[in-house]
Each structure stands twice: as C-alpha cells, then as structure tokens.
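The following block contains the structure, expressed as structure tokens.
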Number of protein chains: 2
Amino acid sequence: MTGTRPPTHEGERPAGGGRERRARQAYDPSSLVEVAARVFNERGYDATSMEDLSAAAGITKSSFYHHVRGKEALLRAALERALDGLFGILDEPAASTGSPLTRLRHIVRRQVEVLAAELPHVTLLLRLRGNTETERWALERRREFDATITRLVRDAQVAGELRAGSDPAVDARLLSGLVNSLVEWYRPGRMAVDALVAEVDRMAFEGLRAQVPADDGRAS
Amino acid sequence: MTGTRPPTHEGERPAGGGRERRARQAYDPSSLVEVAARVFNERGYDATSMEDLSAAAGITKSSFYHHVRGKEALLRAALERALDGLFGILDEPAASTGSPLTRLRHIVRRQVEVLAAELPHVTLLLRLRGNTETERWALERRREFDATITRLVRDAQVAGELRAGSDPAVDARLLSGLVNSLVEWYRPGRMAVDALVAEVDRMAFEGLRAQVPADDGRAS
DNA sequence: CGCCCGACCGAACGATCGTTCGCCTGCAGA
DNA sequence: TCTGCAGGCGAACGATCGTTCGGTCGGGCG
C-alpha cells in the first residue's frame, strides 16, 4: 500500500573494479549494508522484509541472497560499523589527555561527528530492543561505551569541573541522551557538522539560558 | 527461545465490578492497553505477536480477541493516552501565562512528569516509524506538539531569555531530544520524579558545567 | 431448577515472513 | 568457438503472523 519504491538501482555498479583473484561478488561489498541500514531505519528492522531490501538494491529477493548471508548478518555488519566508529573515538589521544572535562568534551564533540558520518548505522544501534543474540551483543558493547562516559562525568564532577549536587550517572545519561537524540532529527546537508557540534557542545555544558559566554568552545 | 514468560495473570480481576447493563467485558477496560504497551516496549511493536500479548494478560490468543479489536487498536489506544497527557500540558494555565521562558520551563517540567507517569505509552509514541495509518496519525499530532515547543523557544530567544546566535528550531530539537531521551533509561522508583524534574530543568537551561547558580529553579 | 450468555478455548484461515532450490543467461578466459 | 561460473531469476519451502470460527464451560437470574 502507498508503495514507496525508489526508482530501483541503488548507486552505480563498480565500473571495472574487482580485478583481484578473490573477486567473489562484483555487485557490492558493503554498499548493501548501507542500503539495508537506510531501509531498516525507515521501516524499522522487524517491519523490513528481505523483499524491501532487495528492491532497494534493485534486484530480486533471491538474487539478494547471492550477496548477503541473511537479514541478521546485515544488521550485525551495520552495528559493527557504528560501534567501530564510536569506540574509535576512545582510542584517540585526546580522549585520554588533559583534564576530565577536556577529555569529555572531546569525546562528545567527536561523538556528534561520528553520529553525523555514520548516521544510519548509529541510528540502528540506538534503536535496538535486544530480541536476537546479535542485538544483545551490540547492546552490551554500547553499555561499555556508556560506562566510559559515566566514569568521565564522575571524574569531571569530582574535579569540580562539572556541576555538583547531582548523580554523575544521571548526568551522564542526560548527556548521552542529548547527543544521541540527534539521530531523530539531524539529516546530512541540512546543517553543517561543525555548526552542529558547536550547538550541542554549548547546549550540553552551558545550557539554553542566555548568559555571558564563559570561554567559548574553540577546542583543539 | 530464552522464553521470558512472566508468571501469567496480570493485575487482579475486578472483584465484583461491572454491574451496568452494558457490561460487555468484565476482564478489563484499559488495563489490557497497559499490558500491551509494556510488552510493545520490551520487544518492539512489530516483533510483538498477539500470542505474546495474550500470554502477558494470562489468557489464550483467541480469548484475547474477545476483549480487544486487534493489534493496531491496542497501539492506537496507547498512543492516544500518551498524546492526551502531552497536550493536556498545553491546556494548563501556566502554559500560557508569564514570559516565554517561564511558560517553556513549566511545559518542560510538566513534560518530564507526564513522561514518568505515562512512561510506556509515551515511549511507544517516541519510537513510531509511521508504517501504518495509525502511526502516521500519531506522528502528525506529535509534530504539532513539537511545533508549539519550537514557537515558544523562538519567542524566548527573541525576548532575550534564551541564548542568542543559534537557530531556535535546533535549540527546540535539542531540548525535546534531551527530555524525550528519558524514556530510554528512567524507570519509576529508581529516582523520585521531583528530583528528575529538577535535574532535567537544570541540565536544559544551565548546562552541565560548574558555575554559580543564577536564580535557582523554584518555579511557580 | 434450567436456561442464557459472557468468558474462554482449540483449531484453522489466508497472508507474509526469511530462506532455499533449480534453472537460465551472458561473458571472461582457454 | 567452447565452456565455466558468477549473477540473477521464479517458485516454492516451512514457520509464524493476525484474525476468525465454532464450540465448551459455568455461574447468575428468571
């Protein structure tokens, strides 16, 4: 009903690429994951059929299975990409250098950038319900990431860099909730990523109320 | 797999109620909606089967249909409850009295309370994808609510009560995102609602950074 | 006491799901 | 030119979905 079939043919076929010996599939290596992530987000994972996915890729359902192992494998690949992006932030030098607040702000700002760059994949990650083993695995890794944020918020509060009198765990959840809520409305091209980073940073640490700017947010 | 069947029998049967003539169903009027909303949130709407719902209610699937019209009707009822709660806030006198910032803060604080009181129903509302007509109708009403918030944020910024130099639409989205993200982690009993309201209010308008309190948040 | 009807149930419906199978086709390499 | 095979297809599989149907049961009321 009210069909929303795009004009098929997603992306262009790699013209003459894949000259290696193990050129198993010429159609696409991970571009199908990208297509799948997009459709998953539009309809929701459970409401998305393999027919929907194959149609978005421009081939039939049975052909689709020549390139992917199954629905859950697509989900896992997309989630891995999101988690790799997020955990990659924690490996950056600036994530473990300087005061707790400096590190926290770096992570938050980079998290916004990763969110924008890997929007479909991260969106998928943030909407998991934990129905399958794959989903539970991803949720567990996500909890690890959040735990790191919580520790940093706690350290920053102890150091007197964040507001006192509140539970660091609550503050960390509010902070992560603010950042993650971007996936619900931000769309690439609608707003420069730099501007988005600045807005989120200011909102998170200075709030919405009018005030004299403290020291501005030109970090790094 | 890994069945999570609760010990059946949800709530208690109304002892001797339903003495009116049109006592069509004695089992439950809207308590089934509550059960459904809870299970919908655990598994996701599409991943929830009528078997799941009826089992959570303690009866078989076919018996379940003597009390409800269908899956989508349950969803609609739950969404109506959420929307009624949210729009009820806008009808309160304090929502249209005083300065824009005063009104906005009242709405935000009340929104947190409604979120906590109607947690399963609002959670359902915030996770819609728009696959069915019912979902699109609810999304449209939700957009109306958000538009009201956006107008208020704009007015408050024009009045100099909110930070300048940022797009009011973006600020409104960040604000709503912060508030709505509560459904992802807040659970009743884990934290007093009053404390939650205070934390969110302070986070939204003052931010996380340590600072001297401006005028405190004892509104109304 | 006997009937009536709301509550409840087992079984089955057509539809759709994710996945598999057998077959066709067009072209790259011998 | 012949051939192998990756890429693509239609049809069908068992399972599960939301929903319906016919029937049983038991307690309140005439």
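From a predicted model like this one, the values you see are computed outputs, not experimental measurements.
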How many whole angstroms separate atom CG of B:L53 from atom C1' of D:dT16?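 After rounding, the gap between these two atoms is 15 Å.
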What I want to find out is whether B:E72 reaches B:R76 closely enough, with some N-O distance under 4.0 Å, to be called a salt bridge.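 Answer for the salt bridge query: no.
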D:dG7 C1' sits how many Å from A:L32 CG, rounded?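 Those two atoms, CG and C1', are 13 Å apart.
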Would you please confirm or rule out a distance under 4.0 Å between OP1 or OP2 of C:dC9 and any side-chain N or O of B:T60?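 Yes, because at least one side-chain N or O of B:T60 sits under 4.0 Å from OP1 or OP2 of C:dC9.
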Considering residues, nucleotides and ligands other than A:R143, do more than 12 of their heavy atoms fall under 6.0 Å from its CZ?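 Above 12, so yes.
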For the pair A:R81 and A:E118, find out whether any cationic side-chain nitrogen is under 4.0 Å from an anionic carboxylate oxygen.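 Counted as a salt bridge, because a side-chain N and a carboxylate O are separated by less than 4.0 Å.
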Does the side chain of B:H106 pick up a donor-acceptor pair with the side chain of B:E92 at under 3.5 Å?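 Yes - a donor-acceptor pair under 3.5 Å links their side chains.
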Protein-nucleotides 18-21 of chain C N/O pairs closer than 3.5 Å?
from, atom 1, to, atom 2, distance (Å)
C:dG18, OP1, A:T48, O, 3.0
C:dG18, OP1, A:K71, NZ, 2.8
C:dG18, OP2, A:M50, N, 2.8
C:dT19, OP2, A:Y65, OH, 2.6
C:dT19, OP2, A:K71, N, 3.0
C:dT19, O5', A:Y65, OH, 3.2
C:dT19, O4, A:K61, NZ, 2.9

Pairs meeting criterion ring-ring contact (aromatic ring centres under 6.0 Å, His included) with involvement of residues 30-49 of chain B, two or more places apart: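 Sorted pair list: B:F40-B:Y45.
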D:dG8 OP1/OP2 closer than 4.0 Å to side-chain N/O of A:H67: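 For D:dG8, OP1 or OP2 has a side-chain N or O of A:H67 closer than 4.0 Å.
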Set of ring-ring contact (aromatic ring centres under 6.0 Å, His included) partners for B:F64, sequence neighbours left out: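 B:F64 satisfies ring-ring contact (aromatic ring centres under 6.0 Å, His included) with no other residue.
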